[in-house]
Amino acid sequence: MGEGALTFQEVGRVKDGMGAGVQLSPVYDPAAMEPDIYALWLRGDAFRAEADSGRPPFTIVIPPPNVTGSLHLGHALDNFLQDAVIRWRRMAGDEALWLPGTDHAGIATQHVVEERLAKEGLSRHALGREAFVERIWEWKEEYEAIILHQLRRLGASCDWSRLRFTMDEGCSRAVREVFVRLWERGLIYRGDYIINWCPDCRTALSDIEVEHEEVAAHLWTVHYPLEGGGMLSAVTTRPETIPGDTGLAVNPDDERYRQFHGRVARHPLLDRKLPVVADPAVKQGFGTGVVKVTPAHDPVDFEIGRRHGLPSPVVMDEGGRMTAAAGPYQGLDRQACREAVLADLQARGLLSRTEEYRHAVGHCYRCASPIEPLLSRQWFVRMPPLAGPAAAALERGELRFVPDRFARVYLEWLGGIRDWCISRQLWWGHRIPAWHCRQCGQTIVSRTTPETCDACGHRELEQDPDVLDTWFSSALWPFSTLGWPAATADLGYFFPTSLLVTGYDIIFFWVARMVFMSLEFTGKLPFDRVLIHGLVRDAHGRKMSKSKGTGVDPLEAVDRHGADALRFSLLAGNAPGNDLRFHWERVEHGRNFANKLWNAARFALMNLGDLDRPVMEAPVELADRWILARLRRAIEDTDRLLGRLDLGEAARRLEDFTWTELCDWYIELVKSRLHGQDPGARRRAQLALWRTLTATLQLLHPFLPFVTEAIWQHWPARTGLLCRASWPHPADYPADAEAERTMGPIMDVIRAIRTIRSEFNVPPASRATAWLVVADDQVARALEAGRDHVVQLAGLEELIVVREAISPPKGSATAVTAGAEVHVPLRELIDLDREADRIRRQLAGIARDGERSRQKLADPQFLNRAPAEVVAKEREREQEAAMRAEKLERHLRTLG
RNA sequence: GGGCGGUUGGCUCAGGGGUAGAGCGCCUGACUCACAUUCAGGAGAUCACUGGUUCAAAUCCAGUACCGCCCACCA
């Protein structure tokens, strides 16, 4: 509820005993702390979303991980992205729901369980369907538990009360409902068509489950004798299908073969007549221009066969062995049959040429064995009526991809789509809700098990043995998980969801299908934005693979460096949609950053002990004004970047702010006041530090949830949990361009003195004196205001600021910054030759810059056409260069 | 055969019309009272190539080369 919203009014009232005096442990130890923090969140029920809370809903449904195994780094990336977004929106005031769940993953899971059975010397056939499915449920329970444990270790802020599984009761009900409605609308049909068949998995596959891979093969030229003399030659890559040939085809426009239209050839191996038909599907330019037609084993041939009424004997069975229709080849497997056919053709002198040939062959995406196109009775979803609206939604701009180039991938697939084969000859999955009458053969599609045949009234009904493609249920995920088809409160409130986060590899499998199913059944898009990310590869850019041992277990990284470190390493600096490589060094860097924050917080806590009433108060000291202004910019930038879902840039921006501006500069600047004697100055410093770090913890929480929450639990005046706290608002932090401008010369001078000290090996302990020669009024004021800072951070004994040119003390090292001339007398430490060298090097650089500016300013085109602003800037640059050069040259002369 | 992405310091990557950024690595110094999982300083890049647009190109356009990915029913 409203808990955790941290306003300054509230802050003034709250005096939290947890805050003051409680110390963080001196060592940042994520492994020890993260599980406790997660438990704290669970105890606080922090991730629970309420329908109808009155707040704007923000919903993400998880891409349900397969229960085949444990999560890999790709999942980790996917989930970190979702979690970062959901935590951000939760803090920003939305009713944020991240709905978790897992996927039954039909073929894949059946596979792994069969493998496990094989190790026990069992097979699914030995067990029988029911017992086998029982075994898979056991597997599912085991791996689901592992996956959920992993998600919690990663810090996923899922609403666990809404956990779902694609085969749970609710999802199953939605699946049956959709199937029946599609059937009733004529969008599902059953029929005999060529489908992709995997002889190893012994199931049909959809088109996208086939992976095309270029292989070295052969192109054989086979002669077909013609009745009445002569012959035609056709080329083939698959001689094993020759027993299934029932015709020859040529292009109707092919002059070479016009005389053969309507003639009849003899099958080269079997006693069969093969009509020669003319069909436009035949390309004249390829091979001999004659195609052997094997309707049952090739998609193109199937169409040709249909058009010309050719028979379509199935000569290969579901295991890839030749059937009785293959005559003498019966019983051979496909490879043996190929060899036998080639040998027989050779013996008869009907094989004339064998060419080397490279072409793409389809392989099963699960087991990688070559796919056989096979004529088979399957269930299909009619795609054109569904794909059209899904494409139109994108074209109307209602659906957006981030990055938008992936929109084209989606559109092109929908544009060229063919009907979706949804039946699978597996045991694990949603059983097709169709029954066949043993008596009359009628097919009954029903939400519930029918008692009698609706055609003949017979009671002997048998349910279709097939199950549905896994992606059929995944396609319903955004609404089936929220209660559809019932009009639940969740569905009304959290649907449509707000964002989908997934990899580009499943745009077809999943994203597009969710869109058309949602449009068809809810009338709404399931989400209006899709954030696409790339693959996580190993350090060498290879795809990670468990079998090759190149995979990294996310939990190993979590154990070694913490979930925050892994998260930061996968998120920071990665552009949306791009693949990224996993490097342990980056995880270490993430750990270092978390450690940095931890220590900054420890420093603050040590110094905020007596700050019991933080209040909103305009900063007056320069450093405070500066850091709060910088913070405001960091918030604005973060909001802008998160708004366009560029989490990589947002994380990088926040790291830069935190590490460089807050830790390296501000904390150093503020130490003197915190440790000094002036109670007012100390209090103002405390307040600014508290405000800055409070906002920093809030901003970083989506990127480093554990460490920020752990710190928060010790934070003065905090309320509740950070993950339910508010998101900082830039308007709460005063913009202060003047403070930012003033800090510039101060930081420049500090850096210049540090550089000189470093280059001349001035011992860190020795307190030098520095002379600044400043001509410009503004810069002079800035440096006066920042005098203490310069003294402090540059390690000075004394800082002397003068307004006019002086001869610097003998034996000085010199640098020129924007607006100031810096002299550090080094006496015996200085090496005059070396100093002259330094100056000459600096001069060379300045000369180059000055020359470039002069050239530009001498170009009338530039002066006329470039914006006045740009020209003015160039003039400034030129003058600056001239001034610096002059000063350095003067100094060089004094060196003799 | 179509399409998409990449080519930026030794490595891995951001950026993207107005004088090149980060992390890691490297070199020099420092165990400075939050942090050596650190601090300070430094070296290191004609942003793949060729043309074009522009006052101005690493950035936009066209083409080339190489790398990667996706799609595709020339048997």
Side-chain angles (χ1 to χ4, degrees), chain A residues 24 26-28 194 207-208 212 219 234-238 241 249 281-288 290-294 298-304 359-360 362 373 403 405-406 408-409 412-413 416 418 504-505 507-508 534-535 539 541 561 565 569 572-575 577-583 585-586 588-607 648-649 652 655-656 663-664 667-668 671 675 750-751 754-759 761-765 793-795 848-849 852-853 856 859-867 869-871 873-874 877:
Chain A
L24 295 174
V27 177
Y28 167 62
I194 288 274
D207 292 336
I208 46 176
H212 295 269
L219 195 58
V235 296
T236 182
T237 54
R238 293 162 67 226
T241 65
V282 181
K283 304 275 187 303
Q284 296 184 43
F286 189 84
T288 59
V290 179
V291 174
K292 68 183 207 54
V293 184
T294 319
D298 184 278
V300 177
D301 294 8
F302 177 72
E303 297 299 329
I304 296 175
H359 70 144
R405 68 182 127 98
F406 291 104
R408 188 187 301 219
V409 176
E412 278 177 9
W413 185 68
R418 292 187 300 169
Y504 57 68
D505 50 336
I507 291 174
F508 307 147
L535 265 39
H561 302 299
S569 78
N574 282 114
N578 285 7
D579 287 356
L580 61 108
R581 299 187 189 199
F582 178 83
H583 291 279
E585 293 79 4
R586 289 192 55 142
E588 281 161 26
H589 179 253
R591 189 259 335 254
N592 293 352
F593 180 48
N595 178 67
K596 188 75 186 174
L597 186 66
W598 179 268
N599 281 294
R602 280 182 57 224
F603 170 80
L605 288 171
M606 286 174 201
N607 289 285
E649 218 19 55
R652 180 204 298 282
E655 178 188 335
D656 188 48
C663 292
D664 290 346
I667 287 184
E668 294 308 320
K671 275 179 178 171
H675 299 155
I750 292 169
R751 276 187 285 249
R754 282 172 171 173
T755 302
I756 287 171
R757 294 178 60 124
S758 174
E759 287 187 339
N761 297 318
V762 179
L793 297 196
R848 256 197 319 274
D849 292 350
R852 191 166 15 200
S853 292
K856 275 194 173 181
D859 180 358
Q861 297 278 42
F862 174 71
L863 297 175
N864 290 336
R865 305 224 182 158
E869 214 179 273
V870 173
V871 175
K873 203 188 241 172
E874 205 57 50
R877 238 183 235 139

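By convention in this document, chain letters (A, B, ...) are assigned in the order of the sequence lines, proteins followed by strands, and residues within each chain are numbered from 1.
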When all nucleic acid strands are considered with a 4.0 Å heavy-atom cut-off, which category describes [X]: base, sugar-phosphate, or nothing?
X: A/Lys856; result: nothing
X: A/Asp664; result: sugar-phosphate
X: A/Arg238; result: nothing
X: A/Ala572; result: nothing

#### Entry: Base B/A72 to side chain A/Glu412, donor-acceptor N/O within 3.5 Å cut-off
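There is none.
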### Message
Can you tell me whether the side chain of A/Arg586 and the base of B/U12 have a donor-acceptor pair closer than 3.5 Å?
### Response
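No, no donor-acceptor pair under 3.5 Å.
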Interatomic distance, [X] [atom1] vs [N] [atom2] [rounded to whole Å]:
X: A/Arg418; N: B/A72; atom1: CZ; atom2: P; result: 8 Å
X: A/Arg852; N: B/U46; atom1: CZ; atom2: P; result: 14 Å
X: A/Tyr504; N: B/C71; atom1: OH; atom2: C1'; result: 14 Å
X: A/Arg405; N: B/C4; atom1: CZ; atom2: P; result: 11 Å
X: A/Phe582; N: B/U12; atom1: CZ; atom2: P; result: 16 Å
X: A/Trp598; N: B/A34; atom1: CH2; atom2: P; result: 17 Å
X: A/Ile750; N: B/C39; atom1: CD1; atom2: C1'; result: 15 Å
X: A/Phe603; N: B/A36; atom1: CZ; atom2: P; result: 15 Å

Between [options], which one does the side chain of [X] approach most closely?
X: A/Phe508; options: B/U12, B/A14, B/C70; result: B/C70
X: A/Lys671; options: B/A34, B/C24, B/G21; result: B/A34
X: A/Phe862; options: B/G18, B/C71, B/U19; result: B/G18
X: A/Phe286; options: B/C74, B/A72, B/A34; result: B/C74
X: A/Pro764; options: B/A40, B/A30, B/C71; result: B/A30
X: A/Asn592; options: B/A75, B/A34, B/U38; result: B/U38
X: A/Ala575; options: B/A14, B/U37, B/G41; result: B/A14
X: A/Asn599; options: B/A34, B/A75, B/G23; result: B/A34
X: A/Thr237; options: B/G18, B/C35, B/A75; result: B/A75
X: A/His589; options: B/U37, B/U19, B/G23; result: B/G23

### Message
Contact between A/Lys671 and A/Asn607 at the side-chain level, heavy atoms closer than 4.5 Å - yes or no?
### Response
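Of all side-chain heavy-atom pairs linking A/Asn607 with A/Lys671, none is under 4.5 Å.
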Does [N] pair with anything, Watson-Crick or G-U wobble, both distances under 3.5 Å, and if so, with which nucleotide?
N: B/A62; result: B/U50
N: B/C69; result: B/G3
N: B/G17; result: none
N: B/C11; result: B/G23
N: B/U38; result: B/A30

For [N], does either OP1 or OP2 sit under 4.0 Å from a side-chain N or O belonging to [X]?
X: A/Arg877; N: B/U19; answer: yes
X: A/Lys596; N: B/C39; answer: yes
X: A/His359; N: B/A75; answer: yes
X: A/Arg581; N: B/U12; answer: yes
X: A/Ser853; N: B/U19; answer: no

### Salt-bridge contact A/Arg652-A/Glu655 (side-chain N to carboxylate O under 4.0 Å)
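No.
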### Query
Would you call A/Asp849 and A/Arg852 a salt bridge, taking side-chain N to carboxylate O under 4.0 Å as the test?
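Looking at A/Arg852 together with A/Asp849, the answer is yes, because their closest N to O distance falls below 4.0 Å.
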### Query
Between the main-chain N or O of A/Arg591 and the side-chain N or O of A/Asn595, is there a donor-acceptor pair closer than 3.5 Å?
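Flag not set: sc A/Asn595 to bb A/Arg591 has no pair under 3.5 Å.
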### Message
I'd like to know if the side chain of A/Arg757 and the backbone of A/Gly795 have a donor-acceptor N/O pair within less than 3.5 Å.
### Response
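Yes.
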### Query
Is the CZ atom of A/Arg405 crowded by more than 12 outside heavy atoms at less than 6.0 Å?
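Count over threshold, so yes.
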### Task
Could you walk me through whether A/Val291 and A/Lys283 pass side chain to side chain contact (heavy atoms under 4.5 Å, CB included), step by step?
CA-CA 9 Å; A/Val291 174; A/Lys283 304 275 187 303; over 6 Å; no
### Task
Map A/Arg652 and A/Asp298 onto RNA chain B by nearest heavy atom, then report which one ends up closer to the 5' terminus.
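Nearer the 5' end of the strand: A/Arg652.
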### Nearest-nucleotide 5' precedence on RNA chain B, A/Glu649 against A/Tyr28
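It is A/Glu649, whose closest nucleotide lies nearer the 5' terminus.
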### Verdict with reasoning, A/Tyr504 to A/Asp579, per side chain to side chain contact (heavy atoms under 4.5 Å, CB included)
CA-CA 10 Å; A/Tyr504 57 68; A/Asp579 287 356; 2.8 Å; yes
